Structures are given as C-alpha cells and as structure tokens.
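The structure presented is a predicted model; accordingly, all values stated were derived computationally and were not measured.
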Amino acid sequence: MATPKIPSPARQLHYRTSETQHLRKMQTNDGNASEWTENRTVAKQKTKQGLTCHLLTASLIGAFGSSFLYGYNLSVINAPTVYIKRFCNESWMKHYGTAIEPKSLTLLWSFIVSITAIGGLFGAFVVTLLLNCLGRKGTLLLNNGFAIVAALFMSLSETADSFEMLLVGRFIIGVSGGISLSALPMYLVEISQKHIRGALGQITAVFICVGVFTGQVMGLPEILGKESTWPLLFGLNAVPALVQLAVLPFLPESPRYLLFEKNDVSKARKAFQVFHGKEDVTEEIEEVMGERRAQSEVHIMSVFELLQNRSVRWQLITTVVTMSCYQLCGLNAIWYYTSSIFTKAGLRKDQIPYITLSTGAVEVLSSILSSLTIERLGRKPLLIGGFCLMAFFYGLLTMSLNLQVTVNGMSYLSVIAILGVIASFCMGPGGIPFVLTSEMFDQSCRSSAFMIGGTVMWLSNFLVGLLFPFIQSGLGAYCFLLFAAICLLGSLYLYIVLPETKNKTFAQIYQEFAKINKVLKNDTKPEMEPSLPMTITVKDNASRDPDITA
C-alpha cells in the first residue's frame, strides 16, 4: 500500500500560516470565506471516485434486507384482506364461542394493519443503543433475526388457528422496520462520498417502493393471493433477511463509526479503501479524525441532551416535521386500503388487483427518477414540489369521488389521481426525510436524532393505520382534503426553514442551521467551523499518530 507523504512540521506550519492568511484576505475582501471554501470543494470533487462495486453491493443488499421488507409489509396485507378477516372471525369463534361483531372485526383488522407501527416505535426506542454498541452493520445483521422470527409467526398463524400469532408477527416485523429505517440510512450516508450521498440515500426509498410492488405482485390471485396460500405471503419475509445475513458479513462496517466511536484507524482505512475504491484515503481519514479531535470533549448525546441542545433546535424541529408529514400525508392510508378505496371509486372487484399493481409500478419508476435527479435538483425542491403535487391530486381525488355518481368516467379520474399522489410522494417525500436526518446532525447526535425521528414517524404511522377507516366512514371522500392540508402546511414550513443541503459537507450544513438557531460563532462547535486550518491541523497531528502514517 502506498504510504501517504507527510510534510515536515516546518513546511506544515508554513502551509497552515499561508493558507490562514489567504483565508483572512478572502474574509477581508468578501466578508466571509464561504465562496472560496465552496470552490475548493467543487474542485476536489472532480478527483473523487464514483459509485464502486462494494458501495453498490452494500447499498443493494442493505436495502433489500431492510427497507424492502418495510415496503413489502405495507402492501402485502392488502390483497388477502377478505381471507384474513374470515380467518380472524373463525379463530375468534373457536376461542370464545361466538361470532365477532362487525365493528369489533373492523377494530381488530385495524390493529392487525397498524400494530406494525407500535413495533416500529419500539424499534425506534432501542435503535440508538444497538447502533452505539453493535455499529451500523452489526445492527442490520441482528435485525434480520427479528424478520425471520416474524415470518415464522405470521406464516404459521393459520396452522395454529391463532389470530394472536398474526398480531405478534406483525408487531415483530414492525420492530424490524423501526430498527432498519434508522440503521440503513445512517450506514449508507456514512460509507458514501458527499457528491453521491443523496442518490445513495434514495436507495432506501427505491427499495421501499420495490417492496410495495413485490407485495402487490405476490398478492395476485394467480400467485399467492388465494385463501389457501395467503400465509406464504408473510413467510416470504424471511428471504431478504437470509440474503442479507449471507452477504453483509463480508462487507466492512461504517468507517466513520470505526474511527469516531471505536478509534480503530486501521479498520476504518480499509473500509474507506473498499467502499471508495482507491488506495489513498488520507483525505477521508483526516476529515473524520479532525471532527473526532474537535469533539474530544463531546460525548455521544442522549435523546434528552439532544432535546435541550439549542444549537440543533431547528434541525430537530425539521426532522419532526418531515417525519410526521412522511406518514400523515396519507400515502400509507392508500397503501393499506387500496382495495377499499378503488371499490368506493366504482371499479369492479376483478379489476382492482391489476389496477393496484399499476400503483406499485408507478412507485418504483418515480423513486428511481428521484434518485437520478436528487443531486441535480436538490433536496428542498423535490420535497416541497412533491408535497404540493400531492395536495393537488388529493383535491382531484376528492372531486372525482364526489362526482362519480353523476358523471361518467369519474372512476378512471380517481385512478389517475391516486397514481398522481403516489408518483408525487415517491419523487420527493418518499426518501428524502431519511437523507436529511443523516445530513443535518453530526456523529455525536445522529443516532439520537434518528430515534426521535423514528418515534415520530411510527406514532404517525400507527395513527393513520388505526384511524383512517373511521375517518373515511365519517368524512367520506372529503377525508383526503385533510391529507392535502397537511401536505401544504409541511411545504410551507420547509420553504421557510429548510436550507438546501445538496453537495455540502456536514460542517457547511451545520453553519446554515447555526444562522437559524441564532448560535453565536464562538458558541458553535469547533469541528463545524468551515475553515481549512482544521484540516491542516490534522495533518500537523498526523505525524504523531502512528495509525495515520502506517
């Protein structure tokens, strides 16, 4: 391995002094050095490696065993609705001797649908401890055990004649989702270069949509959507988990975790070399070591400490807003209750499974388009544009549902409106909240931030899954106007508060929020001040760190 050349201490001092003078000169002429720093950043990107084989493998395998399962379990419950309700009724009669009342059956069905959110909430509570103790990769590997156990419970529930096993299995798969939707985005952001960070982070959203589409395909009557085979739909949850268990152990842990929290420079260097596809990773090592040295007096923040820290106040509020809008925008209601929505739109029952399949195809195409454009358009335009388009299509859906009795062809307009809602969501809000949460927080508080964001997300998920049938029965077609209002309010907040994070370092993003948080310059964290001397200081210390020069 080529040994990086370390300048002599005298030459380092000369470099640091001259570049500091240059920086001060730029500050005198322009008032700040942000433009100069940004130009240096853009120039450096031209020499950086792109997507490597190992980086792509880690992303695909990680997402297949994590976010894919979350998407799959959103849609797989939809196709066998009639058969599961019948099974619950029969199981209830055998247990209690009487048939379950229709309202009680609706409530039980709502719990079966929404209990995954309670499991996800539990997963969000424990994920911080797992991430700090086991690392990002270790947490993902452990999480596969939850998915396999859940698959066994759900697939064997009919054999055991126990709807309780189905409830327990749905809860456990929710725990798996709560853990994976925090661990996976952190892993992907920490192993990728900043100029592909957004696109790689969107793989989480792409595989959620692929999972939804797969659940719809497997739920077709010609495949597993029959009364005799619906338990196998839930048993398939074990397949992605087993694939991830077989492949992920051969890939490195997050190098930022190894450096920052384990102080293992040797393994971190190897991880950077594997993921970035180059021998000389001095720049990457220096960046993380600089942050770690600057935070030598800062420990990993707990949730309560994060809530009290005013320097990340608006980052935290933005995380809460984006994660709550991610669920309360109503898309999960469409995923959970697609069949009933299409039935109310006047479509024939034999058409519904295939029209539902078209929604999955639109999801996948839209999420892929988003991943290809996020580094060109940015996070903010895609988020705001997605929410605004969703509000427009919700209005169109409300109109078509109300006019379908008096105007011919309104059922087809309802289908177009639903497809528009799904496409708008997947092009922006579907994956960007996870990317933003990773980008807005530094290493010391990122895991706690994901715990808070995950808690908000899963609570909102539970409320939508539990309450939507009752809201729909009470408000009728006008229930979608409630979701439209939430989308518009979220867009307004993001337009006012959220800075663009595209192609920016964590330090630059922190500085953008420091202005909003009204944190004085001398109150900001040392590692977050955007200056080159921090990097030069790391080089100065490198000669005294045997791991850096090895």
Side-chain angles (χ1 to χ4, degrees), residues 74-75 77-78 81-82 85 101-118 212 321-349 352 355-356 359 386-426 429-430 456-493:
L74 282 176
S75 65
I77 196 72
N78 184 59
T81 297
V82 176
K85 284 184 176 180
E101 296 181 359
K103 287 186 178 180
S104 299
L105 181 60
T106 300
L107 184 61
L108 177 60
W109 172 247
S110 296
F111 268 110
I112 291 174
V113 170
S114 58
I115 199 171
T116 54
I118 301 298
V212 170
V321 170
T322 53
M323 286 298 187
S324 58
C325 286
Y326 175 82
Q327 297 290 352
L328 296 179
C329 68
L331 197 81
N332 277 357
I334 290 178
W335 275 334
Y336 286 145
Y337 303 104
T338 304
S339 296
S340 63
I341 292 172
F342 282 151
T343 300
K344 291 182 183 296
L347 297 174
R348 297 200 315 268
K349 288 187 177 182
I352 289 176
I355 296 176
T356 301
T359 65
F387 279 131
C388 289
L389 284 173
M390 286 182 74
F392 168 77
F393 284 113
Y394 275 135
L396 191 64
L397 179 61
T398 302
M399 182 187 70
S400 64
L401 289 175
N402 279 293
L403 295 178
Q404 65 183 6
V405 178
T406 57
V407 181
N408 293 328
M410 282 294 107
S411 59
Y412 299 103
L413 184 60
S414 298
V415 173
I416 293 172
I418 289 176
L419 293 178
V421 169
I422 292 171
S424 303
F425 176 83
C426 293
V456 171
M457 186 190 79
W458 287 103
L459 276 175
S460 303
N461 187 324
F462 175 74
L463 290 175
V464 171
L466 181 64
L467 299 179
F468 180 74
F470 302 100
I471 294 173
Q472 189 181 34
S473 62
L475 297 178
Y478 293 101
C479 67
F480 296 105
L481 293 182
L482 178 63
F483 297 135
I486 292 172
C487 290
L488 291 176
L489 289 174
S491 299
L492 181 62
Y493 172 86

Give, for atom CD1 of Ile77 and atom CD1 of Ile112, the distance between the pair rounded to the nearest 0.5 Å. 6.5 Å
CG of Leu397 to CG of Leu413, rounded to nearest 0.5 Å, is 8.5 Å
Where do Tyr394 and Leu331 come nearest, in terms of heavy atoms and distance? OH-N, 3.6 Å
To the nearest 0.5 Å, tell me how far Met323 CE sits from Leu328 CG. 13.0 Å
Return all side-chain donor-acceptor pairs below 3.5 angstrom for residues 479-493, not counting sequence neighbours, or 'none' if the list is empty.
from   : atom 1 : to     : atom 2 : distance (Å)
Ser491 : OG     : Cys487 : O      : 2.9
Tyr493 : OH     : Thr318 : N      : 3.3
Tyr493 : OH     : Thr318 : OG1    : 2.9

Excluding sequence neighbours, so at least two apart, what forms side chain to side chain donor-acceptor pair (under 3.5 Å) with Thr322? none
Between Ser400 and Met410, which heavy-atom pair has the shortest distance, and what is it? O-CB, 3.6 Å
Quick one: CD1 on Ile416 to CG on Leu396, what's the gap to the nearest 0.5 Å? 8.0 Å
Does any part of the side chain of Asn402, heavy atoms only, come nearer than 4.5 Å to the side chain of Tyr478, both counted from C-beta? yes
Inter-residue atom distance Met399.CE - Leu401.CG, 0.5 Å rounding: 10.0 Å
Which value, rounded to the nearest 0.5 Å, describes the distance between Ser114 atom OG and Trp109 atom CH2? 10.5 Å
Please report the closest heavy-atom contact between Trp458 and Thr116, naming both atoms and the distance. CZ3-O, 3.7 Å
Please confirm whether the backbone N or O of Ser460 pairs with a side-chain atom of Tyr326, one donor and one acceptor, at under 3.5 Å? no
